[in-house]
Amino acid sequence: MADPKGFLNHGREVAQTRPVGERVQDWNEVYVPGSLLPIISKQASRCMDCGIPFCHQGCPLGNLIPEWNDFAYREDWSAASERLHATNNFPEFTGRLCPAPCESACVLGINQPAVTIKNVEVSIIDKAWDANDVLPQAPDRLSGKTVAVIGSGPAGLAAAQQLTRAGHTVAVYERADRIGGLLRYGIPEFKMEKRHINRRIEQMRAEGTKFRTGVEIGRDIDAKKLRKRYDAVVIAAGATISRDLPVPGRELNGIHFAMEYLPLANKVQEGDYVAPPITAEGKHVVVIGGGDTGADCVGTAHRQGAASVTQLEIMPRPGEDRSANQPWPTFPMLYKVTSAHEEGGERVYAVSTTHFEGDEDGNVQFLHLAEVEFIDGKLTQKPGTERKIPAQLVTLAMGFTGTDRENGLVDQFSLDLDERGNVARDGEFQTNVPGVFVAGDAGRGQSLIVWAIAEGRSAAQGVDRFLTGASDLPSPIRPTDRSLMV
């Protein structure tokens, strides 16, 4: 363990962010570079001798959190990195993007601020990269078996890396022009600079993983032909169908899904555009949806020079403390102020969009809304609360409803779906088609990055066992496991 009195001697300190006026002028990560290292050993020392580390329960990867906290406290960064990578292929992703259910389950969090697990994690992996401790792990010998992975998000990349290291020849197919899935084009640069993806891809290439970009299975290659070409297939195509808002005026120009808007901003940072085809510059922006994707739209609009930004959420505003029906160690629904919200804009809760209003040219100009409340368990519009707000750019960030059906992948494979519209799988992550497996949001539904990586690692074990009859690969979760929530 770390310092036995660490949690008594030190309070919680988190990463320092750059001033708002500075960071909205660029697309770099919002945190002050190097600000964690002077404090992180003391923060790691707050990890107490709790006996039963419930942080393990909060993390689907089974991260060995007390162990690498101890190494970080002692500043043994090499050992900390080894323990970190023992359960997580990409800690630099989760250390920046995961909402840290491990911290919600931290035993110290019962009556004190939890250990800054996420900050310790990202400090360890950044230190490891700086010290050249993150090296390719090529297999000792090849199995002679081939695997195709469809999708290069966190689930697909985790599965591919695990299977490559097990000795199989793996090719990752990505329909976009660059590897990374939602990590590449759904996460803004100010939350995670894409250099972190690029160097992992280079590590995987050095290990032997092959990458095929600009290839959509179902359209460019028939899924059945792909199955014949490879000994096994892993579908990690995500849950990419955005939830729509079917209200009058939806067809007006200027109303876009978040995943139409955000990728274009990222493509500017990649050098593909001088200016994004969809921009918030000088416009009154309304973001519908109060989750992380909505916050990403808010931060992006600030950097593009929006005249105003308003974020709408249909649910009531959450509390700032745990409610009685969300006790420790469950993951509570709390009021969260992200870095994007610190930068400005208005957040409006318990409202529903009734319709959009446009100008004579078919461009959206106003959004009409009304307050809602729960009556007999149903959201009901409150009479007399209707009003309109200016809206010249609207982004729909209301979540995702399932994997893509239009590209033919599901039908060409003849895959069974579950009652939620996700690709059905058995206890080994295998679909109804022998040799075809599914991992990540395509099988689980919309979820967190840490669950995606856990699914990719677990599905890799199922594939390895299918190909060889046995497997030494880890399997941190079952397909039926769910987050610790009430």
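The residues of the chain are indexed from 1 along the displayed sequence. Everything numeric in this text was worked out from a predicted model, so none of it was measured.
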Residue list, side-chain hydrogen bond (donor to acceptor under 3.5 Å, both in side chains) with Tyr230, at least two apart or on another chain: Tyr173
Donor-acceptor list for residues 118-126 side chains, cut-off 3.5 Å, not counting sequence neighbours:
{"unit_1": "Lys118", "atom_1": "NZ", "unit_2": "Cys98", "atom_2": "O", "d": "2.7"}
{"unit_1": "Asn119", "atom_1": "OD1", "unit_2": "Ala15", "atom_2": "N", "d": "2.9"}
{"unit_1": "Glu121", "atom_1": "OE2", "unit_2": "Asn88", "atom_2": "ND2", "d": "3.2"}
{"unit_1": "Glu121", "atom_1": "OE2", "unit_2": "Thr94", "atom_2": "OG1", "d": "2.8"}
{"unit_1": "Ser123", "atom_1": "OG", "unit_2": "Asn119", "atom_2": "O", "d": "2.8"}
{"unit_1": "Asp126", "atom_1": "OD1", "unit_2": "Arg96", "atom_2": "NH1", "d": "3.4"}
{"unit_1": "Asp126", "atom_1": "OD1", "unit_2": "Arg96", "atom_2": "NH2", "d": "3.3"}
{"unit_1": "Asp126", "atom_1": "OD2", "unit_2": "Arg96", "atom_2": "NH2", "d": "2.9"}

Test side-chain contact (heavy atoms from CB on, under 4.5 Å) applied to Ala206 - qualifying residues, sequence neighbours left out: Pro136
For Pro246, side-chain contact (heavy atoms from CB on, under 4.5 Å) partners two or more places apart: none
Which residues share a salt bridge (charged side-chain N to carboxylate O under 4.0 Å, His left out) with Glu260, sequence neighbours left out: none
By salt bridge (charged side-chain N to carboxylate O under 4.0 Å, His left out) - contacts of Asp133 (at least two apart): none
Residues in side-chain hydrogen bond (donor to acceptor under 3.5 Å, both in side chains) contact with Asn253, at least two apart in sequence or another chain: Asn363
All side-chain contact (heavy atoms from CB on, under 4.5 Å) counterparts of His284, not counting sequence neighbours: Ala307, Ser308, Pro390, Gln392
Residues which pass salt bridge (charged side-chain N to carboxylate O under 4.0 Å, His left out) with Lys194, listed by chain and number, not counting sequence neighbours: Glu189
Set of residues satisfying salt bridge (charged side-chain N to carboxylate O under 4.0 Å, His left out) with respect to Asp220, sequence neighbours excluded: none
Set of ring-ring contact (aromatic ring centres under 6.0 Å, His included) partners for Phe429, sequence neighbours left out: none
Within residues 84-103 or reaching into it, pairs that qualify as ring-ring contact (aromatic ring centres under 6.0 Å, His included) - sequence neighbours excluded: Phe90-Phe93
